[in-house]
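Since this is a predicted model, take the numbers as computed values, not measurements.
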Amino acid sequence: MSAAQTESPVTETTAAPQPSKWREAWQRVATGDAIIVVLAVFIAVVVGSIMIAATNEDVQEASSYFFSRPMDTIVAAWHAIAGAYAALFRGSIYNFNADTFAIGIRPLTETLKFATPLIAAGLGVGLAFRAGLFNIGGQGQMLMAAAAGGYVATQLDMPFPLHLIAAIIAGMTAAALWAGIAGFLKARTGAHEVITTIMLNHIAFYLLAWMLATQGLLQADGSNNPKTAPMPESAQLPQLLGPQYKLHAGFLLALAAVAFTWWLLERSSLGFRFRAVGENPDAARVAGINVGRMYFVVMLIAGALVGIAGISQILGTETNGFGGAIDAGIGFDAITVALLGRSSPLGILAAGLLFGAFKTGGFTMQSSQGIPIEIVLVVQSLIVLFIAAPPLVRAMFGLPQPGRAPRRKSRTAKRAQKRAEKKEVSA
């Protein structure tokens with residue numbers, strides 16, 4: 001028997017069996033980021049359900065005689081939880097108790113309206129995340145966008161749509177320059193962007209307060225209140241579905257921002273440099289990328305995206321004039337949206353819609369079911385908590401950790417190796 005004939009069986013048997021396509025697909029799903037987001041939302045909803053049942057009066061009353069009639073407590077808890085999430089659906093997606101379809105679809109338009117600034121601001125935060133920067137200056141950037149856009153809208157007289165376009169450009173430019181300050185300081189001096197953006201938030205807040213209290217800037221003529229005049233119709237974002245709904249064209253701007261950010265990150269050379277700097281700035285510098293310039297440019301673009309949120313607030317949602325609280329906490333909620341969306345444009349879109357639904361439906365839960373609005377805030381916080389700890393979520397559901405081979409596969413390889421050794425000895 002020749003050497004080639006004796007070696008060929010060994011070569012065939014030493015090859016480990018290939019895993020099936022279904023196992024490979026499950027491995028990719030179990031070790032991916034999407035499953036963590038889904039499970040984080042699921043866990044948060046479960047914990048929220050427990051809190052809803054615990055705070056319900058009927059459940060508390062039934063639990064006093066739980067050991068004698070346990071089904072009463074279970075039924076009461078079920079009615080409380082089902083009623084709460086049904087109210088959440090009615091208040092955020094579709095009100096199936098409405099008389100007409102036009103009235104029933106109104107909650108969905110409210111969800112899209114609330115989601116609009118969250119999506120835009122979340123894109124600004126997420127883009128900075130992809131470049132390795134922690135942009136928590138969304139509040140200040142929104143306020144500067146509102147100040148610049150509000151000034152152009154109230155102080156200049158122009159026809160539609162030039163007036164609207166000028167206000168949008170002014171707001172986005174102001175927000176971009178405000179965020180660019182943090183990027184410039186990071187690039188030139190190494191100042192940490194967390195500190196600089198926090199300070200810029202405070203500066204923007206008090207600067208806007210001064211502008212609102214000064215005649216000739218933002219304060220309405222003949223008024224002593226720190227509030228602007230109503231936005232003229234020539235500078236307002238058009239209503240998308242008619243006057244009976246509050247959804248405005250700012251939602252289209254947010255969708256356009258999602259498409260632009262996706263193209264920037266996934267299809268442009270500039271986006272590639274952003275991602276390279278975010279992954280490893282030292283390696284990017286060695287590869288010839290100007291890291292400091294990338295920090296400055298990415299903060300400019302991120303600020304402009306956040307500026308869309310400020311513009312949509314003053315020209316679409318609060319057209320009767322705005323005060324110092326125009327940001328409504330959106331600048332900080334955007335951090336949550338960016339984390340939930342894993343800094344992906346499409347993920348941020350989905351996260352913004354989810355949080356918009358929570359905000360809109362929370363009011364219905366509170367009014368119709370008597371559930372504290374804080375329950376919804378707890379659910380949102382839990383989502384972020386679990387997303388920030390992927391190993392914890394994987395451990396809770398027994399999912400494999402990324403980069404670690406499952407135990408079953410290693411045992412299979414060992415058995416195949418033993419069979420190959422036995423056949424080699426027998427040959």
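- One distance of note links CG of Leu247 with CG of Leu241; it measures 5.5 Å at 0.5 Å rounding.
- Counting heavy atoms from C-beta outward, Ser312 and Leu253 have side chains that stay 4.5 Å or more apart.
- Atom CG of Leu382 is separated from atom CG of Leu377 by 11.0 Å, given to the nearest 0.5 angstrom.
- Ser92 is not listed as a side-chain neighbour of Phe358, based on a closest heavy-atom distance of 4.5 Å or more.
- Side chain of His163 to main chain of Asp157: no donor-acceptor pair is present (N/O by atom type, distance under 3.5 Å, no hydrogens or angles).
- Listed by chain and residue number, Ile168, Ala304, Ile308 satisfy the side-chain contact (heavy atoms from CB on, under 4.5 Å) test with Met172 (two or more places apart in sequence, or in another chain).
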Taking only distance into account, with no hydrogens and no angle test, what donor-acceptor pairs under 3.5 Å do side-chain atoms of residues 204-220 form with protein atoms, sequence neighbours excluded?
{"from": "Trp210", "atom 1": "NE1", "to": "Thr214", "atom 2": "OG1", "distance (Å)": "3.4"}
{"from": "Thr214", "atom 1": "OG1", "to": "Trp210", "atom 2": "O", "distance (Å)": "2.6"}
{"from": "Gln215", "atom 1": "NE2", "to": "Gln219", "atom 2": "OE1", "distance (Å)": "3.0"}
{"from": "Gln215", "atom 1": "NE2", "to": "Ala220", "atom 2": "O", "distance (Å)": "3.4"}
{"from": "Gln215", "atom 1": "NE2", "to": "Ser223", "atom 2": "O", "distance (Å)": "3.0"}
{"from": "Gln219", "atom 1": "NE2", "to": "Ser223", "atom 2": "O", "distance (Å)": "3.3"}
{"from": "Gln219", "atom 1": "NE2", "to": "Asn225", "atom 2": "O", "distance (Å)": "3.3"}

Could you go step by step and tell me if Val258 and Leu346 meet the side-chain contact (heavy atoms from CB on, under 4.5 Å) rule?
CA-CA 7 Å; Val258 171; Leu346 296 180; 4.3 Å; yes
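- In this structure, Leu108 CG and Thr360 OG1 are separated by 9.5 Å, a value rounded to the nearest 0.5 Å.
- Residues Met231 and Thr228 share a closest heavy-atom pair of CE-OG1, 3.6 Å.
- Residues Ala257 and Leu305 come closest through the heavy atom pair CB-CD2, 3.9 Å.
- Note: Thr319 OG1 to Gln313 CD = 11.0 Å, rounded to the nearest 0.5 Å.
- Residues satisfying the side-chain contact (heavy atoms from CB on, under 4.5 Å) criterion with Ser269, sequence neighbours excluded, are Arg273.
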Check residues 289-303 and write down every donor-acceptor pair under 3.5 Å in which the side-chain atom is one partner and the other belongs to a residue at least two apart or another chain.
{"from": "Asn290", "atom 1": "OD1", "to": "Gly292", "atom 2": "N", "distance (Å)": "3.4"}
{"from": "Asn290", "atom 1": "OD1", "to": "Arg293", "atom 2": "N", "distance (Å)": "3.1"}

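- Sparse packing is recorded around CZ of Phe184, with 12 or fewer heavy atoms of other residues, nucleotides or ligands lying under 6.0 Å away.
- Residue pairs meeting the side-chain hydrogen bond (donor to acceptor under 3.5 Å, both in side chains) criterion with at least one member in residues 235-257, sequence neighbours excluded, are His248-Thr317.
- Residue Ser234 comes nearest to Phe160 through the heavy atom pair O-CD1, 3.3 Å, listed as atom of the first residue, atom of the second, then distance.
- Applying the side-chain hydrogen bond (donor to acceptor under 3.5 Å, both in side chains) test to pairs two or more places apart or on separate chains, those with a residue in residues 41-51 are Ser49-Tyr85.
- Around the CD atom of Glu266, the shell of radius 6.0 Å holds more than 12 heavy atoms that belong to other residues, nucleotides or ligands.
- Considering CD1 of Ile326 and CD1 of Ile314, their distance stands at 7.0 Å, rounded to 0.5 Å.
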Validation: residues 114-141 side-chain donor-acceptor distances under 3.5 Å, sequence neighbours left out:
{"from": "Thr116", "atom 1": "OG1", "to": "Leu112", "atom 2": "O", "distance (Å)": "2.8"}
{"from": "Arg130", "atom 1": "NH1", "to": "Ser343", "atom 2": "O", "distance (Å)": "3.2"}
{"from": "Asn135", "atom 1": "OD1", "to": "Gly137", "atom 2": "N", "distance (Å)": "3.1"}
{"from": "Asn135", "atom 1": "OD1", "to": "Gln141", "atom 2": "NE2", "distance (Å)": "3.1"}
{"from": "Gln141", "atom 1": "NE2", "to": "Gly137", "atom 2": "O", "distance (Å)": "3.2"}

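- Summarising the geometry of Ile52 relative to Met365, their closest heavy-atom pair is CD1-CE, 4.2 Å, with the distance given to 0.1 Å.
- The salt bridge (charged side-chain N to carboxylate O under 4.0 Å, His left out) test applied to Lys113 returns Glu110, not counting sequence neighbours.
- In plain terms, the two heavy atoms of Pro107 and Gly91 that are nearest each other are CB-O, 3.3 Å.
- Looking only at side-chain heavy atoms (C-beta outward), Thr336 and Phe355 come within less than 4.5 Å of each other.
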Between Phe42 and Val38, is the side-chain contact (heavy atoms from CB on, under 4.5 Å) condition met? List the steps.
CA-CA 6 Å; Phe42 174 75; Val38 173; 5.6 Å; no
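- Applying the salt bridge (charged side-chain N to carboxylate O under 4.0 Å, His left out) rule to Arg285 yields the partners Asp282; only residues at least two apart in sequence or on another chain are considered.
- Among Thr196, Leu200, Ile203, Thr197, the one residue that satisfies the side-chain contact (heavy atoms from CB on, under 4.5 Å) test with Ile181 is Leu200.
- Looking at Leu270 and Leu264, their side chains come closer than 4.5 Å, going by heavy atoms from C-beta outward.
- Among pairs with a residue in residues 174-187, those fulfilling salt bridge (charged side-chain N to carboxylate O under 4.0 Å, His left out) read Lys186-Glu193, at least two apart in sequence or across chains.
- Counting only heavy atoms from C-beta outward, the side chains of Phe332 and Asn201 approach each other to under 4.5 Å.
- Residues satisfying the side-chain contact (heavy atoms from CB on, under 4.5 Å) test with Ala54, not counting sequence neighbours, are none.
- Nearest heavy atoms, Leu143 versus Gly324: CD2-O, 4.0 Å.
- Residues passing the side-chain contact (heavy atoms from CB on, under 4.5 Å) test with Leu162, sequence neighbours excluded: Met158, Pro159.
- The CG atom of Asp333 sits 12.0 Å away from atom CG of Leu340, with the distance rounded to the nearest 0.5 Å.
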